[in-house]
Amino acid sequence: MAALFRGYRNFYKRSNKHVELILVSCRSMASKTPVGFIGLGNMGTPMARNLLKNGYPVIATDAFPESCKELQDSGAQILDSPAEVAEKADRIITMLPSSPNVIEVYTGSNGILRKVKKGTLLIDSSTIDPAVSKEMAVAAEKMGAVFMDAPVSGGVGAASLAKLTFLVGGVEEEYNAAQELLTCMGANVVYCGHVGSGQAAKICNNMLLAIGMLGTAETMNLGISFKVAQNSDVTLKLKGSCDDSFTESEGHYTPSQCQLVPTKVNFVVVLG
């Protein structure tokens with residue numbers, strides 16, 4: 001009887017181990033299911049390409065068909081609209097220029113939410129108004145989908161090298177699922193809290209960036225007014241004393257550079 005019990009126990013352990021292996025295998029296979037990507041501009045294209053490099057099939061679209069060619073040549077499937085992408089992918093990333101673009105892509109006549117499947121994870125990496133992120137989350141929830149905001153810091157260079165920083169807002173239970181994809185495109189993924197908090201953190205980041213640019217511009221302007229020599233040695237000394245990367249790039253010390261900050265492109269946010 002004891003021998004029979006030991007034999008049963010060994011069989012049970014082997015069976016359990018086999019089941020665990022099957023489950024791990026299934027999860028691995030599921031993680032490589034197609035990922036939708038909408039918005040193939042200067043940031044979106046290298047981000048989507050990094051998903052391809054990590055073995056994820058990518059289904060993509062963009063408002064400008066000519067923007068899709070580079071990614072299509074890299075192996076992505078290109079469709080005509082966000083709605084079509086939503087029909088074929090249950091994880092979708094959007095990277096768009098502004099709040100109106102996000103609203104249109106999600107809720108427009110050919111938007112994601114027209115065809116989204118229940119349980120779909122929607123990750124928006126655009127830099128937009130936190131209130132719009134919250135609106136999209138509510139709209140997605142009504143369709144049985146999950147929306148998370150995950151704006152990025154790092155620029156085109158970091159996007160190409162998969163060294164972006166993602167600032168994530170949304171349901172904490174979904175964070176791991178989002179992180180799996182975001183780590184393919186970035187070096188840092190930071191959970192910030194509820195939906196919209198990623199955007200709020202990005203606004204704070206941009207504010208600090210703008211203050212740094214403005215301070216650098218005024219400092220360099222003051223130096224120029226005092227006839228300080230405009231050469232690389234002076235710049236390097238300033239860099240060494242204040243560790244300000246803006247002094248590394250020629251032209252960044254002119255006040256007109258601050259025209260590029262979000263407040264100059266109708267990015268107005270009311271924080272309450």
Side-chain angles (χ1 to χ4, degrees), residues 35-41 43-44 47-48 59-63 79 81-153 164-179 181-182 185 189-207 261-272:
V35 176
F37 204 106
I38 300 169
L40 301 176
M43 294 291 291
M47 288 168 66
I59 301 171
T61 192
D62 190 273
L79 299 180
S81 71
E84 290 183 47
V85 172
E87 279 187 300
K88 293 182 176 292
D90 56 14
R91 291 178 295 179
I92 301 172
I93 298 169
T94 51
M95 187 60 167
L96 303 162
S98 66
S99 293
N101 296 120
V102 170
I103 293 170
E104 177 63 24
V105 163
Y106 278 88
T107 65
S109 57
N110 287 308
I112 292 169
L113 298 182
R114 295 288 178 177
K115 297 287 185 179
V116 71
K117 295 177 285 186
K118 288 186 177 180
T120 297
L121 177 61
L122 306 169
I123 304 171
D124 180 40
S125 288
S126 318
T127 296
I128 61 171
D129 187 333
V132 173
S133 292
K134 292 175 182 178
E135 290 172 15
M136 296 303 100
V138 171
E141 187 177 10
K142 289 178 180 177
M143 303 303 295
V146 176
F147 177 96
M148 303 187 81
D149 58 303
V152 303
S153 176
L164 292 168
T165 293
F166 288 88
L167 304 169
V168 184
V171 181
E172 189 169 5
E173 289 76 16
E174 299 293 337
Y175 173 64
N176 287 339
Q179 189 178 32
L181 298 177
L182 300 182
M185 302 177 286
V189 182
V190 182
Y191 181 68
C192 300
H194 57 77
V195 170
S197 61
Q199 298 294 351
K202 179 62 188 293
I203 291 168
C204 294
N205 178 77
N206 281 1
M207 182 178 182
V261 301
T263 51
K264 290 294 183 180
V265 289
N266 298 320
F267 189 81
V268 180
V269 178
V270 177
L271 297 177

**OP:** Report yes if some heavy atom in the side chain of Thr94 is under 4.5 Å from a heavy atom in the side chain of Ile112; otherwise report no.
**Re:** yes
**OP:** Taking the side chain as every heavy atom from C-beta outward, state whether Val195 and Asp149 have any pair of such atoms under 4.5 Å apart.
**Re:** yes
**OP:** Please check if the side chain of Ser126 supplies one atom and the backbone of Pro97 the other of a donor-acceptor pair under 3.5 Å.
**Re:** no
Subject >> Min side-chain heavy-atom separation Ile92-Phe37 under 4.5 Å >> reply: no
Subject >> Contact check, side chains of Val152 and Thr165, non-hydrogen atoms, under 4.5 Å >> reply: no
Original post:
How about Asp124 and Met95: do any of their side-chain heavy atoms sit closer than 4.5 Å?
Top reply: no
Original post:
Any sub-3.5 Å donor-acceptor pair from Arg91's side-chain atoms to Gly36's backbone N or O?
Top reply: no
**OP:** Work out which heavy atom in Tyr106 is nearest to a heavy atom in Leu122; give both atom names and the distance.
**Re:** CE2-CD1, 3.9 Å
Original post:
With no hydrogens and no angle check, do the side chains of Thr120 and Asp90 hold a donor and an acceptor under 3.5 Å apart?
Top reply: no
Original post:
Can you tell if the side chain of Glu84 reaches within under 4.5 Å of the side chain of Thr61, non-hydrogen atoms only?
Top reply: no
Original post:
When you measure from the side chain of Ser99 to the backbone N and O of Asp129, does any donor-acceptor pair fall under 3.5 Å?
Top reply: yes
Subject >> Distance in Å, Ser197 OG paired with Met148 CE, rounded so as to fall on 0.5 Å steps >> reply: 8.5 Å
Original post:
What distance do Ser133 atom OG and Ile128 atom CD1 have between them, rounded to the nearest 0.5 Å?
Top reply: 3.5 Å
Distance-only check: which donor-acceptor pairs under 3.5 Å involve side-chain atoms of residues 135-145, not counting sequence neighbours?
none

